Amino acid sequence: MSASDPKLELIEQDAEVYADYSARFGDYNKAETGWKIETFSIINRDSDRIIGGGRGHVYLGILEIRGLWVNEDKRGTGLGSKLLRAIEAEGIKRGATKAWLYTYSWQAEDFYTRKGYREYARLDFPQGHARIDMAKEF
């Protein structure tokens, strides 16, 4: 590399660094389209312990659902469905007209299919499994 080449750094604990430069994506998208990125989490607590939750990102008219989780001992109680409906409702309130997410073949494909999500892409990854991208219109 010459002296004029940029110096690249590897950052292992990157949450703060990522927050710094990823905010610029939001600023650029807002300037180009008028849309901004809004994030939120909806959780359920049992005393002071989170037993279920999920995160929504609303941008460019779509809700991206990330990290929907219910503790094992609470699965099958309807908590996952309640969380998903609440995240969708909040996304709609914030202007989303559709939602997308991804899951893996060992996770919750059947759950999301029952909730109206349809597969639109499948990637054989990791070996012996698949990542399934799913979407739903509101």
Side-chain angles (χ1 to χ4, degrees):
M1 280 217 257
S2 73
S4 63
D5 285 339
K7 181 181 177 202
L8 303 178
E9 289 179 65
L10 170 64
I11 308 294
E12 295 280 347
Q13 302 298 315
D14 71 336
E16 186 176 318
V17 171
Y18 180 73
D20 177 297
Y21 68 83
S22 69
R24 297 175 211 164
F25 292 122
D27 293 343
Y28 176 77
N29 288 338
K30 184 178 180 185
E32 292 295 315
T33 67
W35 286 88
K36 63 182 178 181
I37 296 175
E38 299 179 56
T39 63
F40 61 89
S41 289
I42 296 182
I43 63 167
N44 180 253
R45 292 182 196 263
D46 181 7
S47 299
D48 62 345
R49 180 178 77 120
I50 295 173
I51 59 171
R55 189 171 201 206
H57 286 230
V58 178
Y59 56 97
L60 305 174
I62 194 165
L63 167 66
E64 179 183 352
I65 297 172
R66 294 186 180 180
L68 184 65
W69 175 260
V70 174
N71 284 1
E72 255 186 86
D73 63 331
K74 299 296 181 183
R75 292 180 191 161
T77 66
L79 178 57
S81 296
K82 187 175 181 178
L83 285 165
L84 182 61
R85 281 192 308 272
I87 293 166
E88 290 173 339
E90 185 63 27
I92 291 167
K93 183 174 145 184
R94 294 172 186 238
T97 59
K98 57 185 79 170
W100 80 273
L101 56 84
Y102 68 86
T103 189
Y104 288 94
S105 53
W106 68 87
Q107 291 178 335
E109 179 182 7
D110 291 340
F111 170 78
Y112 292 117
T113 299
R114 288 192 309 273
K115 303 304 177 193
Y117 286 81
R118 298 291 171 247
E119 177 183 328
Y120 68 87
R122 182 176 289 255
L123 177 64
D124 292 331
F125 166 81
Q127 186 174 358
H129 299 283
R131 173 184 144 153
I132 303 113
D133 289 17
M134 305 180 89
K136 177 180 180 177
E137 302 274 338
F138 296 131

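Just so we're clear, the structure is a prediction, and the values are computed from it rather than from any experiment.
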Q: Give the C-alpha distance, both sets of side-chain angles, the deciding distance and a yes or no for side-chain contact (heavy atoms from CB on, under 4.5 Å) between Asn71 and Arg49.
A: CA-CA 11 Å; Asn71 284 1; Arg49 180 178 77 120; 3.3 Å; yes

Q: Would you check, one step at a time, whether the test side-chain contact (heavy atoms from CB on, under 4.5 Å) holds for Tyr59 with Thr33?
A: CA-CA 10 Å; Tyr59 56 97; Thr33 67; over 6 Å; no

Q: Could you check Arg122 against Glu109 for side-chain contact (heavy atoms from CB on, under 4.5 Å), going step by step and ending with a plain yes or no?
A: CA-CA 11 Å; Arg122 182 176 289 255; Glu109 179 182 7; 2.8 Å; yes

Q) Run the salt bridge (charged side-chain N to carboxylate O under 4.0 Å, His left out) check on Lys136 and Glu88 step by step: do they pass? A) CA-CA 10 Å; Lys136 177 180 180 177; Glu88 290 173 339; 3.2 Å; yes

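Across Ile65 and Ala99, no two heavy atoms sit closer than the pair CD1-CB, 4.4 Å.
Criterion: ILVMFWY side-chain heavy atoms under 4.5 Å apart, direct or through other members. Under it, Phe40 and Phe138 are part of a common hydrophobic cluster. In the hydrophobic clustering of ILVMFWY residues, with side-chain heavy atoms under 4.5 Å counting as a link, Leu63 and Ile37 come out apart. Ile92 and Trp35 fall into different hydrophobic clusters, where Ile, Leu, Val, Met, Phe, Trp and Tyr residues are linked whenever their side-chain heavy atoms come under 4.5 Å apart, directly or through other members. In this structure, Val58 is not a member of the same hydrophobic cluster as Leu60, with clusters built from ILVMFWY side-chain heavy atoms closer than 4.5 Å.
Counting only heavy atoms from C-beta outward, the side chains of Thr113 and Met134 approach each other to under 4.5 Å. Taking 4.5 Å as the limit, every side-chain heavy atom of Ile42 sits out of range of all side-chain heavy atoms of Arg55.
Thr97 is linked by a side-chain hydrogen bond (donor to acceptor under 3.5 Å, both in side chains) to nothing, counting only residues two or more places apart in sequence or in another chain.
A salt bridge links Arg131 with Asp133: the closest approach of a Lys/Arg side-chain nitrogen to an acidic carboxylate oxygen falls below 4.0 angstrom.
Atom OH of Tyr18 has 12 or fewer heavy atoms from other residues, nucleotides or ligands within 6.0 Å.
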